[in-house]
*Asks:* 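Handing you a structure now.
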Amino acid sequence: MAIELFNTLGGQVETLVPSDGAVLRMYACGPTVYDYGHIGNFRTFIHVDVLRRALKQQGVAVKHVMNVTDVDDKIIQRAAAAGVGIGVFSARFENAFFEDMEALGVERPEFLPRATENIPEMVSLIERLAARQAAYQAEDGSWYFRIASDPGYGKLSQKDFDGIEDGARVDVDEYEKDAARDFALWKAVKTGADGVREHAWETALGAGRPGWHIECSAMATKYLGDNFDLHAGGEDLMFPHHENEIAQSEGASGKPFARHWMHVRFLLVEGKKMSKSEGNFYTLRDLLLKGHRASAIRFLLMSVPYRHQLNFTFDGLTESTNAVDRLRTFHRRLKEGQWPEGLSNGMTGSDADVAAAIATARQKYDAALSNDLNTAEARAAIFDMVRAVNVAADQGTLVKRDVQAALAVMERFDGVFAVLVDNDAEITRQALEWAEREGRMGEASPELVATLSLTDEAIEALIAERTQAKKTRNFARADAVRNELLAKGILLEDSKDGVRWKRK
RNA sequence: GCACCGAUGGCGAAGUGGCUAACGCGCUGGUCUGCAAAACCAGUAUUCAUGGGUUCAAAUCCCAUUCGGUGCUCCA
C-alpha cells in the first residue's frame, strides 16, 4: 500500500513513490540553531518523522536530508552578545536540538549538512544564476535573485502578486534592488554599529554571507540531485522560503526542483497562538522540567494529523500520558502473560472475533497512515484492537496465536508512533542534569525532583516492606507505604505475579 | 485591509453527501481487589459555531454572520 500525500504544489493528494523506482529522496528544512527548540518546531519534525517511518514500514527506502542553519542574523547577533564566535554559539544549540530530537524519538535523517560547511556550493549556485541573468549584484555588493526572470514564480503558494502592493510590507529601500520582491542570495559583509565587522566568508562573490534561502537549494541539490521527490517544512515556510528555493534552484538547473511539497500546520497552545507575550511558549525542556514525559509530548504532537491545527494543552498532555500508559500496559500484558495454545472447550482454533479484530486493526492502521498520514485514525484502530484483545484476555478466550498477531500489530504501530519503549525517566533525569548545569532547577517541579531522588532499589525496598505488612494483614502499614510512594509519584499495581510499580 | 484554512460531547479529536457521529482522556455506576491500581462492562453529542439555502438525504455542498489560525514581515 503506497502513501497518498497532499502536495502543496498543485493542491492535490498524490501517491508518493520514488521517482527513480528505488529510493525516496526527501529534504526537510531543519532548525536554525540560535535557541532551544519549542514544541511547535518539534511538531513539524515529528510529523516528518512519521512520514519517513511510515514510508520505511511500507518498504520504501528513504534518503532524507535535513539542513542545520548555523549562520543567520539571529545567530550573529546573539553570538556577538554572548561574546563568542558563531561556531561556538551555534554548536551549543545544535547539540541541544539533537538531544531533544532523540528524546522525542525522532529518527536521524541520513544527512545533516550544516550551512557553514556548504558555502562553496552556494557560491557556485549563485554564479550559475548570474550566468543565466537570474542573479545580479547590487551597489553594496549583495547579490539578489531577479524574480522577473522566473515566469512561474508563485506557483507553490498560489499567490497573486498583482494584488500585493510593493512596499506595503516589503522593505523597498533596502539597497539597490531592481524590484522590491527580489530576494537576497548573498549578503555583503556589514560593519555593525559597534564598528565590528560581521562574520563573513571571502568568496568569488565578494566578502559576505549566504542569504536565507540559498543554503537549502544548495544542500538539497548536492545530496539529492536537481530533481528529487519530496520537500517538507512548516507551513510558514511555504512563502517566501520555499517559493524562493524553487525559483533559485530551477533558475540554476533549468529542471523542476522537488516534485512533492509537504507543509505541517502550526499548533495552538491552550487555544491560542504560541508566543512569548501570551506566556504560552514552551520548549521541550520547559515541559520536561514541569514533569511531563517525553513520550506523552511525542504522542500528543503526533496524534493530530499534520494538516490539521493541533491545540496543545496541559489536559491533552495528561490524556496522552494516560493513553501511552494504557498502550504500554497492554503491550506488557501480552508479552508477559501465559497464553494457551488453544481453547479447552473443544474448540481448537482461536476465538474468531478476536482474530478478526486484530486483522481489522492492522488493515485500518495501514490504511489510515496511507491516507495522507491520518495518525488520529491510525491510533483509533490500535485502541479498538486493545479493547477487543483485553476483553478476550479477561474472558480467557485469548490464545497464543492471537497474542502473537496482536503483538505484531503493536510492533508495527510502534514502528511509527515509537512510544512503547519507556525511556521517560532517563530523559527526564538528563533534563534535570541540564537544568542543574544551567542554574534552572527552580523551574523543576518538586514532585519530579522527589520522584527521581528515589532510586529503584529504595522503591523496591519499600515495596518489599509493604508486601510483608500485607502478609501479616497489617493493611494500615501497607497503605501508608503505598501512599508515601504515591506522594513521590510512584504508582503501585498488585497482580498475581507480584507488585509492579511505575513513575507517574 | 487582502488572500487562504478551520469551528464536531466536559476536554482532545476522526469523519467531508446516505449504516446507531470513530477513537482517546475525563466523569458516573458495576465486575475484580483487604482497600486500591491495572483490566473489563454499562452510561455519558437525537447532534456537528450561528442563520438561511440546495437535495429524496447534509457534520459533510452553497451563501451570510461570528470567532480562531496562517500568509502578505523573522518564525516549525
Side-chain angles (χ1 to χ4, degrees), chain A residues 11 28-32 34-35 37-48 72-74 157-161 163-166 168-171 181 212 232-241 243 263-268 270-275 296 299-301 303-330 332-333 364 368 371 374-395 470 473-476 478-479 482-483 486 491-496 499-502:
Chain A
C29 288
T32 302
Y34 64 90
D35 208 340
H38 61 249
I39 52 177
N41 299 121
F42 292 120
R43 159 134 138 126
T44 298
F45 297 123
I46 284 174
H47 278 285
V48 172
D72 89 319
D73 290 348
K74 278 200 190 95
S157 49
Q158 295 291 319
K159 288 204 175 300
D160 176 10
F161 289 103
I164 299 173
E165 289 242 336
D166 277 354
R169 292 290 188 114
V170 179
D171 188 7
R181 303 204 78 85
W212 174 30
E235 65 171 325
D236 58 308
L237 297 182
M238 195 166 95
F239 184 89
H241 183 55
E243 198 71 71
H263 291 100
V264 180
R265 273 203 87 170
F266 270 23
L267 51 69
L268 301 181
E270 300 291 343
K272 292 193 168 156
K273 176 183 179 162
M274 180 171 73
S275 73
F299 199 65
L300 177 56
L301 289 174
S303 286
V304 176
Y306 76 98
R307 283 211 290 147
H308 290 248
Q309 197 163 49
L310 156 73
N311 185 10
F312 189 98
T313 64
F314 287 98
D315 284 350
L317 223 32
T318 304
E319 187 243 89
S320 295
T321 305
N322 294 340
V324 168
D325 262 346
R326 179 152 185 231
L327 294 170
R328 286 178 178 171
T329 302
F330 172 74
R332 191 176 58 193
R333 180 181 197 185
K364 281 191 172 171
N371 178 21
N374 193 331
T375 46
E377 282 201 332
R379 66 168 258 192
I382 296 305
F383 279 107
D384 282 337
M385 181 187 84
V386 168
R387 192 176 346 95
V389 174
N390 267 327
V391 168
D394 278 8
Q395 292 174 345
K470 276 176 66 179
R473 300 193 67 79
N474 183 356
F475 294 123
D479 291 352
R482 187 169 65 198
N483 288 334
L486 183 63
L491 289 177
L492 299 192
E493 250 178 64
D494 293 341
S495 80
K496 59 179 188 294
V499 184
R500 288 203 190 90
W501 63 272
K502 62 186 177 191

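The analysis underlying the following values was restricted to heavy atoms, covering all of them including side chains, and did not include hydrogens, waters or symmetry mates.
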*Asks:* How would you label the contact of A:Asn390 with the nucleic acid (heavy atoms, under 4.0 Å): base, sugar-phosphate, or nothing?
*Replies:* sugar-phosphate
*Asks:* Within the structure shown, what part of the strands sits under 4.0 Å from A:Leu491 by heavy-atom distance: base, sugar-phosphate, or nothing?
*Replies:*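 No contact.
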*Asks:* Reading nucleotides 6-23 of chain B from the 5' end, what letters show protein touch, with B for base, S for backbone sugar-phosphate only, - for no heavy atom under 4.0 Å?
*Replies:* ------BSSS------BS
*Asks:* For A:Leu301, does its backbone N or O pair with a side-chain atom of A:His47 as donor and acceptor, under 3.5 Å?
*Replies:* yes
*Asks:* Parallel, tilted or perpendicular: which fits the ring planes of A:Phe299 and A:Phe383, with parallel below 30° and perpendicular above 60°?
*Replies:* perpendicular
*Asks:* Pick the C1' atom in B:G10 and in B:C27, then give their distance to the nearest Å.
*Replies:*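 The answer is 8 Å between these two C1' atoms.
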*Asks:* Report the distance from atom CG of A:Leu268 to atom P of B:C5, rounded to the nearest whole Å.
*Replies:* 17 Å
*Asks:* Across all strands, who's sitting opposite B:A7 as a Watson-Crick or G-U wobble pair, both distances under 3.5 Å?
*Replies:*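 Base partner found: B:U66.
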*Asks:* If you check every side-chain atom of A:Phe239, which of B:A76, B:A39, B:G71 has the closest atom?
*Replies:* B:G71
*Asks:* Assign A:Pro240 to base, sugar-phosphate, or nothing according to its heavy-atom contacts below 4.0 angstrom with the strands shown.
*Replies:*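 A:Pro240: backbone/sugar contact only, no base atoms under 4.0 Å.
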*Asks:* Flag as yes if A:Phe266 stacks onto the base of B:A76 (centroids under 5.5 Å, planes under 30°), otherwise no.
*Replies:*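 Yes; by the centre-distance and plane-angle rule, A:Phe266 counts as stacking on B:A76.
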*Asks:* Between C1' on B:C35 and CG on A:Asn474, what's the gap in Å once rounded to a whole number?
*Replies:* 14 Å
*Asks:* To the nearest angstrom, how far is A:Glu235 atom CD from B:A3 atom P?
*Replies:*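 After rounding, the gap between these two atoms is 19 Å.
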